[in-house]
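Below is one structure, written out as structure tokens, with a few remarks after it.
Order of appearance sets the numbers: ligands from 1, and atoms from 1 within every ligand. By convention here, the first residue in the shown sequence is residue 1.
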Amino acid sequence: MHEPAILVTGGAGYIGSHVVKQLGRSGRRLVVLDNLSTGFPDAVLHGELVVGDTGDMDLVRELLVRHRVRAVLHFAAHIVVPESVRDPLKYYRNNTCNTRNLLACCAAAGVEHFIFSSTAAVYGIPQETFIDEDAPTAPINPYGASKLMSEWMLRDLAAASQLRYVILRYFNVAGADPEGEIGQRTPEATHLIKVACEAAVGRRPGVEIFGTDYPTPDGTCIRDYIHVDDLAAAHLQALAHLEGGGASTILNCGYGHGYSVREVLAAVERVSGRPLNIRETGRRPGDPPALTADSRRIREVLGWRPRHDDLEFIVRTALDWERALARKQAAEG
Ligand code: UDP
């Protein structure tokens with residue numbers, strides 16, 4: 001009989017694939033469930049990949065039982081904010097309804113530990129720029145709302161069952177595997193560091209700054225960028241916390257300080273050694289001026305310590321990945 005496996009939904013995606021790599025390295029048995037709508041099979045470096053939908057209850061039930069799953073890490077989700085505004089029901093189906101179905105299967109199969117990928121978008125436009133986990137949740141778009149509803153389901157199910165959870169609220173995730181094996185592959189990406197690195201390697205003509213009149217030192221928005229490998233490590237520590245009997249909790253994932261858009265672009269120019277073609281445009285609707293995580297709780301509860309709290313390192317790994325991706329795509333024709 002095999003040791004129980006960990007089920008990782010969305011493990012072929014950007015963050016999920018980095019967590020799969022670290023979990024696989026640590027010797028855990030993994031089953032990855034991904035419908036490959038935005039993921040890539042070759043990003044799954046460990047475990048068994050099952051191509052299917054998180055909302056497919058027959059499939060999920062069968063996987064949980066066959067692999068004697070005790071722990072689930074749930075990454076599978078749509079994540080594009082403007083798309084969620086245009087097509088909200090797509091987000092409520094894939095992010096909320098599918099999480100509900102997954103949780104129902106977990107409850108029936110006696111899954112004990114659940115780690116959920118949530119987002120700082122649940123805070124909406126906060127009053128404070130330094131946000132702790134007790135700040136009011138008030139999402140301003142369907143993406144954030146779809147994730148917050150999943151948080152509520154998880155909280156309520158845990159109160160009514162043996163299930164314990166860690167909800168991780170991600171701030172601005174960026175960078176790539178320092179060993180260069182995996183990274184973010186999203187076509188038509190919208191995230192600043194990815195976009196700027198694409199421009200730096202010539203895959204885009206340039207990059208726009210969305211708003212230069214914010215009440216910040218240089219007029220551009222400030223965000224808390226966290227390296228994807230530090231975020232992945234937080235998942236392994238969250239799992240160890242639950243497996244060691246730790247209580248359910250909600251944890252912000254960020255470094256606790258931020259950089260402005262101009263600072264990020266300057267770092268990309270320094271690391272690439274080339275000036276970017278930068279155009280200043282108007283504000284993007286719904287962008288708060290500054291958003292940084294109060295990350296004291298994750299440090300206290302998990303003992304988490306970032307290893308890559310360094311903007312240039314984040315940018316370097318993102319840029320290396322972008323170059324590797326360009327070569328890979330050129331080779332594939
Ligand atoms: N941003 C920008 N140009 C871009 C993409 C993003 O100026 O091409 C800004 C955006 O307005 C925000 C910050 O960079 O202030 C981070 O945006 P991103 O979309 O990366 O993450 P978000 O904070 O929206 O989750």
Side-chain angles (χ1 to χ4, degrees), residues 13-15 77-86 91 95 117-126 128-131 137-148 168-176 183-201 203-228 231 252-269 276-293 311 314-315 317-319 321-322:
Y14 171 45
I15 300 166
H78 292 318
I79 57 155
V80 183
V81 171
E83 184 190 45
S84 81
V85 175
R86 281 197 310 275
Y91 279 67
N95 295 2
S117 303
S118 191
T119 166
V122 299
Y123 297 117
I125 302 190
E128 309 290 328
T129 56
F130 192 59
I131 306 155
T137 47
I140 56 158
N141 51 60
Y143 167 66
S146 73
K147 287 284 187 175
L148 185 58
L168 297 174
R169 290 181 178 159
Y170 306 164
F171 280 65
N172 289 65
V173 188
Q184 192 176 0
R185 279 202 228 179
T186 329
E188 293 164 49
T190 57
H191 289 132
L192 179 65
I193 291 183
K194 170 89 176 156
V195 166
C197 289
E198 287 178 357
V201 302
R203 293 168 71 85
R204 288 180 189 253
V207 53
E208 291 179 338
I209 299 181
F210 299 147
T212 55
D213 59 348
Y214 284 97
T216 58
D218 70 14
T220 66
C221 290
I222 293 172
R223 294 289 181 274
D224 189 336
Y225 296 91
I226 172 173
H227 192 280
V228 65
L231 181 64
N252 283 342
C253 296
Y255 291 146
H257 62 88
Y259 295 99
S260 72
V261 175
R262 288 194 204 281
E263 286 173 323
V264 168
L265 298 183
V268 173
E269 290 181 325
L276 286 167
N277 175 20
I278 297 171
R279 199 163 72 88
E280 297 182 0
T281 61
R283 293 184 179 196
R284 189 173 67 175
D287 273 340
L291 209 54
T292 48
L311 182 61
I314 294 176
V315 166
T317 58
L319 204 54
W321 169 251
E322 219 48 65

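In terms of the side-chain contact (heavy atoms from CB on, under 4.5 Å) criterion, residue partners of F130 (sequence neighbours excluded) are, by chain and number, T292, D294. E83 is linked by a side-chain contact (heavy atoms from CB on, under 4.5 Å) to V80, R86, K90, Y91, counting only residues two or more places apart in sequence or in another chain. Judged as a side-chain contact (heavy atoms from CB on, under 4.5 Å), and not counting sequence neighbours, the contacts of A121 are T119, Y143.
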Side chain to side chain contact (heavy atoms under 4.5 Å, CB included) between L192 and L265: does it pass, once the steps are laid out?
CA-CA 9 Å; L192 179 65; L265 298 183; 4.1 Å; yes
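When side chains are defined from C-beta on, L291 does not count as touching D224, because their heavy atoms never get closer than 4.5 Å.
When heavy-atom distances to ligand 1 are checked against 4.0 Å, the residues falling inside are N172, T190, H191, L192, V195, E208, I209, F210, C221, R223, Y225, V261, R284, D287, ordered by chain and number.
A perpendicular orientation is assigned to the rings of Y259 and H257, their planes being inclined by more than 60° (bins at 30° and 60°).
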